[in-house]
Protein chains: 2
Amino acid sequence: MAKLDASLLNNLAPFDQLDARQRQEVLDLARVRRIPAGKSVFEEGMEATHFNLLLDGHVRVERLNPEGEKVISLHIPPGQLFGIARALGRDHFPATALAVTECLVLVWPTALWDTFVERYDGFAAEAYKVVGNRVSEMNNRIMELATQHVEQRVARAILRLMQEHGLANDAGTQIAFPVTRKVISEMTGSTLHTVSRLLSRWERQKIVQSQHRRICVLDAVRLEQLTHSVH
Amino acid sequence: MAKLDASLLNNLAPFDQLDARQRQEVLDLARVRRIPAGKSVFEEGMEATHFNLLLDGHVRVERLNPEGEKVISLHIPPGQLFGIARALGRDHFPATALAVTECLVLVWPTALWDTFVERYDGFAAEAYKVVGNRVSEMNNRIMELATQHVEQRVARAILRLMQEHGLANDAGTQIAFPVTRKVISEMTGSTLHTVSRLLSRWERQKIVQSQHRRICVLDAVRLEQLTHSVH
DNA sequence: CGTGCCTTTGAGAAATATCAAAGCCTGTGG
DNA sequence: CCACAGGCTTTGATATTTCTCAAAGGCACG
């Protein structure tokens with residue numbers, strides 16, 4: 001395998017405070033994996049032998065309930081650490097990570113976690129910030145599921161995808177990877193039929209535009225308004 | 001204030017691996033707070049100037065959504081660390097902690113967090129285990145809210161209260177603090193009316209017994225069955 | 001011993017799922 | 001280059017769950 005170039009780690013928060021030598025060190029300890037779209041990076045229940053950083057692509061984190069229904073926890077944008085079970089004192093992955101587009105992932109053995117925390121300034125802080133953010137997102141998710149209607153949850157889910165994974169174009173902001181009605185229903189605890197009806201309505205109202213797995217938000221302000229309940 | 005006795009820390013996971021001298025050290029740095037039932041230990045949004053350990057009593061963690069609806073995140077049993085925003089790189093509390101019975105709480109300034117992590121073996125591991133467990137519970141919560149019906153969620157909520165806060169008696173297992181229909185509805189994203197109807201039915205079926213804020217589980221096995229969807 | 005929660009229950013409304021069916025893209029293999 | 005299979009989407013009709021509204025009775029604490 002060709003030696004990786006330290007510039008790969010530029011602008012990545014966990015290694016922000018490292019100098020070039022340290023970055024090379026970190027990279028020399030890493031392995032790069034290319035994951036084709038649709039394949040998993042790791043699966044729920046697997047032993048967490050490695051931790052990961054997403055260099056490129058988009059990863060979907062999902063779990064199955066005992067009845068086999070899928071629930072999508074979150075989507076990870078490029079540049080983030082993920083599968084860091086170790087930061088939570090876990091030795092098995094609590095969820096499955098799926099490459100939703102082709103992905104490039106840096107991978108280190110979990111055994112190096114403590115070394116990284118100790119040796120590299122800012123690494124631990126960034127890792128716990130990621131955990132903190134995820135916890136906070138989960139909390140919000142719980143609040144939404146507990147108190148809001150499907151329409152509001154779907155609007156919020158699409159807004160989040162837009163904010164985290166959006167590509168601005170002339171007409172609006174397009175979500176960077178294919179998203180089906182089914183996926184949105186699994187993100188919101190709903191059904192693909194209800195999501196389809198909502199999107200059809202919003203399309204008529206020129207709030208979003210979508211064709212075959214591509215969703216583009218035309219009017220984020222109105223979508224944001226839809227996330228608030230009217231009562 | 002009288003000097004605290006080091007035996008207070010016996011059998012508390014975060015300080016399990018400490019010797020008597022270290023325990024005294026830890027206690028000398030602590031303050032004890034007594035919180036009357038119904039008062040808050042800290043409030044959502046407050047700066048996290050301290051972290052806490054619940055010596056005695058039961059704490060309810062809750063948030064308000066923008067519409068002012070309450071959502072109960074979890075209940076904390078005696079012996080656990082809580083309000084450890086620092087472990088997640090947060091400097092403000094993400095939720096309110098309410099004493100649901102009279103509570104005794106050990107309190108340390110957040111500034112000591114790093115010292116504890118560094119100096120006391122097992123403290124960091126225990127702290128991150130607590131975080132890991134909470135994250136895992138939150139994940140389960142999300143799955144339930146997304147895929148299960150109210151009946152199943154309520155059954156699960158009561159089972160959890162029983163497991164974490166139950167006092168076995170001759171007839172069954174009683175939840176150690178008062179719980180109203182409203183509280184259960186706020187734990188499950190439901191309404192007090194629906195919860196009342198469910199509990200009435202279960203009372204007729206001899207699965208639970210309840211009178212005025214006291215709930216006692218008579219048949220945990222049947223309650224467990226109710227958490228599974230029938231399809 | 002009354003006032004303020006707490007609980008129960010009914011009736012009707014609303015949100016959302018389920019069932020059903022048809023049409024539509026798109027990538028693939030011949 | 002075309003046709004087709006398989007997944008994706010739409011929409012209607014109906015069923016179900018759960019909430020909302022309403023009212024009355026009960027318990028406990030001050």
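A note on names: the letters A, B, ... follow the listed sequences, proteins ahead of strands, and every chain is numbered from 1.
In this structure B:E151 satisfies the side-chain hydrogen bond (donor to acceptor under 3.5 Å, both in side chains) test together with B:R201, sequence neighbours excluded. Among residues two or more places apart in sequence or in another chain, the side-chain contact (heavy atoms from CB on, under 4.5 Å) test is passed with A:T194 by A:V150, A:S190, A:T191, A:L198. Considering only residues two or more places apart in sequence or on other chains, A:T147 meets the side-chain hydrogen bond (donor to acceptor under 3.5 Å, both in side chains) condition with B:N65. For A:N169, the side-chain contact (heavy atoms from CB on, under 4.5 Å) partners at least two apart in sequence or on another chain are A:A171, A:Q174, A:C216. Under the side-chain hydrogen bond (donor to acceptor under 3.5 Å, both in side chains) criterion, B:Q152 pairs with no residue at all, not counting sequence neighbours. By the side-chain contact (heavy atoms from CB on, under 4.5 Å) test, A:R141 is found to be paired with A:V71, A:R160, B:I142, residues two or more places apart in sequence or in another chain being considered.
OP1 or OP2 of C:dT8 has at least one side-chain nitrogen or oxygen of B:S196 nearer than 4.0 Å.
Atom-to-atom distance recorded for B:E62:CD and B:M187:CE is 11.5 Å, nearest 0.5 angstrom. We find the OG1-CZ distance between A:T110 and A:R90 to be 14.5 Å, quoted to the nearest 0.5 Å.
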With a 3.5 Å cut-off and sequence neighbours excluded, list the donor-acceptor pairs that the side chains of residues 33-49 of chain B form with protein atoms.
{"unit_1": "B:R33", "atom_1": "NH1", "unit_2": "B:V41", "atom_2": "O", "d": "3.1"}
{"unit_1": "B:R34", "atom_1": "NE", "unit_2": "B:E102", "atom_2": "OE1", "d": "3.4"}
{"unit_1": "B:R34", "atom_1": "NE", "unit_2": "B:E102", "atom_2": "OE2", "d": "3.4"}
{"unit_1": "B:R34", "atom_1": "NH2", "unit_2": "B:E102", "atom_2": "OE1", "d": "3.1"}
{"unit_1": "B:S40", "atom_1": "OG", "unit_2": "B:E43", "atom_2": "OE2", "d": "2.8"}
{"unit_1": "B:E44", "atom_1": "OE1", "unit_2": "B:L64", "atom_2": "N", "d": "3.4"}

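Within the 3.5 Å criterion, the main-chain N or O of A:G189 finds a donor-acceptor partner in the side chain of A:R153.
Of the residues in residues 205-215 of chain B, B:H212, B:R213 come within less than 4.0 Å of DNA chain C through at least one heavy atom, sorted by number. Across residues 170-187 of chain A, A:T180, A:R181 each have a non-hydrogen atom less than 4.0 Å from an atom of DNA chain D (numbered order).
For A:T188 against A:A157, the heavy-atom pair with the smallest separation is CG2-CB, 3.8 Å. Scanning all heavy atoms of the two residues, the minimum distance from A:N52 to A:W108 falls at C-CZ3, 4.5 Å.
The list of ring-ring contact (aromatic ring centres under 6.0 Å, His included) pairs with a residue in residues 173-212 of chain B, not counting sequence neighbours, reads B:H58-B:F177, B:H75-B:F177, B:H165-B:F177.
One axis for each end of the helix from C:dC1-D:dG30 to C:dG30-D:dC1, each built from five base pairs, and the angle between them comes to 40° at 10° resolution.
At a threshold of 4.0 angstrom between heavy atoms, the contacts of B:L199 with the nucleic acid are absent. A:S200 comes within contact range of the sugar-phosphate backbone alone, with a heavy-atom separation under 4.0 Å but no base atom that close.
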*How does protein contact run along nucleotides 12-19 of chain D, one letter per nucleotide 5' to 3', with B for base contact, S for sugar-phosphate only, - for none, heavy atoms under 4.0 Å?*
BB----SS
